[in-house]
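Here is the structure we will look at.
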Amino acid sequence: MNVRVHRVHDPPEPDDGVRVLVDRLWPRGMTKDAAHVDGWPKGLTPSTGLRRWYHAGDGSYGEFAERYQAEPAAPEASELLDRVRELAREEDVTLLTASKSPEESRAAVLLRLLDEA
């Protein structure tokens with residue numbers, strides 16, 4: 001399984017494979033053509049409440065990651081996570097985020113969840 005994380009604002013690379021946006025909101029200033037997004041499973045992204053809590057600065061990334069890891073246990077998110085996992089078994093997958101620090105983003109949390117299976 002080859003899954004990696006990239007910023008959606010960076011140009012696509014030839015070996016990106018399937019590009020999956022894992023942010024709840026569409027990235028500012030990014031057109032759909034420029035993003036080259038193949039999938040956008042909003043049900044797999046952090047809940048609105050969790051996203052707002054984290055962006056308000058009320059908690060650390062570690063606490064956000066812990067709370068977000070519990071969200072894919074919900075039926076819709078669990079099903080979407082399984083679909084991405086299956087896709088990754090067949091071809092390369094790039095998780096896209098608008099975060100300026102992809103290594104400390106929701107995409108990094110999803111990468112760890114995908115690696116666990």
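Residue numbers count from 1 along this sequence.
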Just by modelled atom types, is the E103 backbone N or O under 3.5 Å from a matching donor or acceptor in the S101 side chain?
no
Under 4.5 Å between any side-chain heavy atoms of R83 and P41, yes or no?
no
Nearest 0.5 angstrom please: Q69 CD to L110 CG, how far?
9.5 Å
Side chain Y68, main chain R106, donor-acceptor under 3.5 Å
no
Do the side-chain N and O atoms of R7 and T97 include a donor-acceptor pair separated by under 3.5 angstrom?
no
Without swapping roles, check the side chain of W40 against the backbone of D23 for a donor-acceptor pair under 3.5 Å.
yes
Answer yes if the side chains of E71 and S47 hold a donor-acceptor pair under 3.5 Å, and no otherwise.
yes
Which value, rounded to the nearest 0.5 Å, describes the distance between H55 atom NE2 and L25 atom CG?
8.0 Å
Are the side chains of V18 and T94 in touch, meaning some heavy atoms are under 4.5 Å apart?
no
Measuring from D16:CG to R4:CZ, what's the distance to the nearest 0.5 Å?
5.0 Å
To the nearest 0.5 Å, what is the distance between CG on N2 and CG on D15?
8.0 Å
Are side-chain heavy atoms of W26 and V37 found at a separation under 4.5 Å?
yes
Out of curiosity, H9 NE2 to M30 CE, how far, rounded to the nearest 0.5 Å?
5.0 Å
If only atom types and distance count, is the side chain of S78 paired as donor or acceptor with the main-chain N or O of P75 below 3.5 Å?
no
Value for OH (Y54) from OG (S60), rounded to nearest 0.5 Å, stands at 7.5 Å
Is there a donor-acceptor pair closer than 3.5 Å between any side-chain N or O of R19 and the backbone N or O of D38?
no
What I'd like to find out is whether the side chain of L81 reaches to under 4.5 Å of the side chain of L113, using heavy atoms alone.
yes
Below 4.0 angstrom, N of the basic side chain to O of the carboxylate: do D82 and R85 qualify?
yes
